[in-house]
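Throughout, a chain's letter reflects where its sequence line sits, starting with A, and its residues are numbered from 1. A quick note: this is a predicted structure, and the numbers were derived from the prediction, not measured. For the numbers below, each heavy atom of this structure counts, side chains included, while hydrogens, waters and symmetry mates do not.
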Amino acid sequence: MPYWLMKSEPHEFSIDDLARRKVEPWTGVRNYQARNFMRDQMKVGDRVLFYHSSCPVPGVAGIARIVGPAKPDPTQFDPRSDYHDPGSKPDDPRWLCVDVGFVRKLRGVVTLDAIRAQAAKLEGLTLLARGNRLSVFPLAERHYDLILELEPKP
DNA sequence: GCCAACGTTGGC
DNA sequence: GCCAACGTTGGC
């Protein structure tokens, strides 16, 4: 499954931060389903919609791609990290991260409102599923394309 | 800050 | 294995 949506809170890490960093290890995922997607299905080269959550205008803010495969998330072993997991052992890491590379920032955010307005065309999109909280999930290619068609024109 | 929805934990 | 309690997510 070569298309993904990944959420980030922009006050923590935004598309502008990724534009500066170029590549960022996607640390801090602490949900087994999201981890399993990264471990079992993500491939280097896969496309990612970069989603801003928990912010004034939630929505897709940019495009990224997977540039490094799943590997142990170092923050789980750091006692000073918010993501420290004392139950995870270095010889059997519980949490993984992938490397995410910047592709481009959209001309404007494709807002959650705008996406919802196309709900009829986006049937099955996890983002619109009731109670969805997953921070990493696969996208159907047609959903990826349709969302990008909502990008504001120049 | 509120709260619905969901995941995790732990007693039994 | 059940399920109540608790913690987290994320839009509003």
Side-chain angles (χ1 to χ4, degrees), chain A residues 1 3-21 24-42 46-66 70-100 102-103 105-140 142-152:
Chain A
M1 181 83 62
Y3 298 95
W4 301 91
L5 185 142
M6 299 177 87
K7 296 179 185 174
S8 184
E9 302 186 12
H11 62 273
E12 298 289 337
F13 191 82
S14 70
I15 190 69
D16 291 320
D17 293 320
L18 186 62
R20 283 188 289 269
R21 298 292 298 270
E24 182 72 6
W26 206 257
T27 58
V29 173
R30 295 294 180 270
N31 171 281
Y32 289 105
Q33 198 177 350
R35 177 203 68 183
N36 294 348
F37 281 138
M38 295 196 293
R39 182 189 63 194
D40 302 332
Q41 296 187 43
M42 266 188 182
D46 286 358
R47 290 282 150 164
V48 176
L49 295 183
F50 191 110
Y51 182 89
H52 283 174
S53 66
S54 295
C55 59
V57 185
V60 174
I63 303 174
R65 64 193 166 100
I66 302 303
K71 61 189 178 187
D73 175 346
T75 65
Q76 70 196 301
F77 304 122
D78 179 357
R80 295 164 305 170
S81 169
D82 289 343
Y83 302 117
H84 181 229
D85 181 353
S88 181
K89 302 288 173 261
D91 58 352
D92 185 22
R94 182 175 292 167
W95 304 114
L96 304 173
C97 60
V98 295
D99 284 331
V100 173
F102 180 72
V103 174
K105 184 179 178 177
L106 300 190
R107 292 183 289 268
V109 174
V110 176
T111 66
L112 181 56
D113 280 350
I115 293 169
R116 285 208 180 109
Q118 302 298 317
K121 291 181 179 174
L122 293 169
E123 176 124 35
L125 177 66
T126 300
L127 186 69
L128 299 180
R130 187 165 148 278
N132 157 65
R133 296 189 316 177
L134 265 182
S135 64
V136 176
F137 57 84
L139 289 174
R142 70 183 186 286
H143 291 165
Y144 177 90
D145 291 340
L146 275 165
I147 289 169
L148 288 183
E149 286 172 16
L150 301 176
E151 180 179 7

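- Taking the six-membered ring for Trp and the full ring otherwise, A/His52 and A/Phe50 have centroids separated by under 6.0 Å.
- A/Leu134 has its CG atom 15 Å from the C1' atom of B/dT8, to the nearest Å.
- OP1 or OP2 of B/dA5 has at least one side-chain nitrogen or oxygen of A/Arg130 nearer than 4.0 Å.
- Distances shown here put every side-chain N or O of A/Tyr32 at or beyond 4.0 Å from the OP1 or OP2 atom of B/dC6.
- Considering only the side chain of A/Ser54, C/dG10 comes nearest among C/dC12, C/dG10, B/dG7.
- Taking atom OH of A/Tyr83 as the reference point, atom C1' of C/dT9 lies 12 Å away to the nearest angstrom.
- Proximity note for A/Arg133 (side chain, C-beta onward) versus B/dA5, B/dT8, C/dG11: the nearest is B/dA5.
- In this structure, the ring of A/Trp4 has its center less than 6.0 angstrom from the ring center of A/Phe37.
- Look at CG on A/Asn132: it is 11 Å from C1' on C/dG11, rounded to the nearest Å.
- Between A/Arg30 atom CZ and B/dG7 atom P there is a gap of 18 Å when expressed in whole angstrom units.
- For the pair A/Lys7 and C/dG10, the criterion of a side-chain N or O lying under 4.0 Å from OP1 or OP2 is met.
- The interatomic distance linking A/Phe137 (CZ) with C/dT9 (P) rounds to 16 Å, in whole Å.
- The distance between atom CG of A/Asn31 and atom P of B/dT9, rounded to the nearest whole Å, is 11 Å.
- Note on A/Asp73 versus A/Arg94: no salt bridge recorded, every NZ/NE/NH1/NH2 to OD/OE distance being 4.0 Å or above.
- The side chain of A/Arg116 contributes an N or O atom lying less than 4.0 Å from OP1 or OP2 of C/dC12.
- Between A/Ser53 and the options A/Glu12, A/Arg133, A/Lys7, a side-chain contact (heavy atoms from CB on, under 4.5 Å) holds for only A/Lys7.
- In this structure a side-chain-to-backbone donor-acceptor pair under 3.5 Å is missing from A/Arg65 to A/Asp46.
- Straight-line distance from the CG atom of A/Asp85 to the P atom of B/dT8: 12 Å, rounded to whole Å.
- Here C/dG11 presents its P atom at 11 Å from CG of A/Leu128, a figure rounded to the nearest Å.
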